[in-house]
Amino acid sequence: MTWAQSVTQCVQSGGTLTSVEDLAESNFLVEHADLHTSKTSGFWIGIYRNVNGKLLWQDNSALVFVNWGEGQPSEDQLDYCVELSAFSGYWSILPCSSQKGYICKKPKIHPLLFALYLFTDAKKDKTHGHMNMWMLLTLVLIILLGMSFMIYFLFKIKTQSETEREARRHSTLLEYSRVLTGKDNENDSTNDKEKNEHSVV
């Protein structure tokens with residue numbers, strides 16, 4: 001791909017062409033780039049020149065570490081693009097229309113956003129599709145389990161409150177019936193007294 005196509009691909013995947021912050025990162029990139037030397041001799045990296053003529057990384061970090069090859073960069077090629085050699089790790093300037101591989105760098109993601117990214121990016125990343133599917137199934141299972149517990153406890157609370165309401169109602173009816181029964185007993189005893197009084201006279 002050309003440099004511009006590589007930039008577009010990285011942006012679409014949520015990153016930028018890679019920046020190289022130190023020798024350790026450069027060595028890491030060379031180790032992994034070496035695996036792809038059969039396909040390409042180099043990879044585009046994210047150096048660009050701003051309007052003031054200053055070299056910056058695409059993620060706007062300063063160009064602190066450099067690993068230019070011998071004689072690079074030459075003054076007459078300042079508007080060209082930068083590749084990382086898959087063999088040596090040195091940087092060189094090439095015409096931006098050259099066909100090279102590219103290395104994208106994505107910002108560190110918060111763990112919750114990382115899970116979201118895994119599920120939304122699963123279609124793009126076919127090699128990790130099975131892992132993403134298992135993670136998705138696990139997440140769905142956890143959500144369903146949580147919802148089941150919530151429904152269980154809501155049902156339990158509702159049932160318990162209905163039972164308490166029924167017990168209060170039963171208690172109220174029982175007291176009401178005792179009051180009514182107590183008045184009937186008083187009326188019966190009054191009637192008995194009156195009968196006894198009539199029979200005495």
Practice task
Identify, with sequence neighbours excluded, every residue that meets side chain to side chain donor-acceptor pair (under 3.5 Å) alongside T2.
Solution key: Q5
Practice task
Only pairs at least two apart or in different chains count here, so list each salt bridge (Lys or Arg N to Asp or Glu O under 4.0 Å) that has a residue in residues 91-101.
Solution key: E83-K100
Practice task
Please tell me if the side chains of S26 and F65 come closer than 4.5 Å, counting only heavy atoms from C-beta onward.
Solution key: yes
Problem - Verify same cluster id: L63, Y90 (apolar side-chain graph, 4.5 Å) - result: no
Exercise for the section: Verify, without hydrogens or angle tests, whether Q72 (side chain) and I93 (backbone) share a donor-acceptor contact under 3.5 angstrom. Expected result: yes
Problem - Note, I103 side chain near L29 side chain (heavy atom, < 4.5 Å) - result: yes
Can you give me every donor-acceptor pair (side chain of residues 136-152, partner residue at least two apart or in another chain, under 3.5 Å) with its distance?
| from | atom 1 | to | atom 2 | distance (Å) |
| --- | --- | --- | --- | --- |
| T138 | OG1 | W134 | O | 2.8 |
| S148 | OG | L144 | O | 2.9 |

Fill in the blank from the handout: Distance col, row E70:CD vs S92:OG, nearest 0.5 angstrom, shows 12.5 Å
Problem - Smallest separation among heavy atoms of L55 and W68, with atom names - result: CD1-CZ2, 4.1 Å
Problem - Heavy-atom closest pair, residues G89 and L84 - result: O-CD1, 3.8 Å
Practice task
Apply side-chain contact (heavy atoms from CB on, under 4.5 Å) to S19 and list each qualifying residue two or more places apart in sequence or on a separate chain.
Solution key: E21, W57, D59, S61, K105
Exercise for the section: Check for a donor-acceptor pair, side chain of W3 on one end and backbone N or O of I45 on the other, with a separation under 3.5 Å. Expected result: yes
Handout entry: Partners meeting side-chain contact (heavy atoms from CB on, under 4.5 Å) with S6 (sequence neighbours left out)
Key = M1, L17, W44, Y102
Problem - Non-hydrogen side-chain atoms of Y48 and V82 separated by less than 4.5 Å - result: no
Problem - Heavy-atom donor-acceptor pair, S98 side chain to P95 backbone, under 3.5 Å - result: yes
Problem - Residues in ring-ring contact (aromatic ring centres under 6.0 Å, His included) contact with F28, at least two apart in sequence or another chain - result: H32
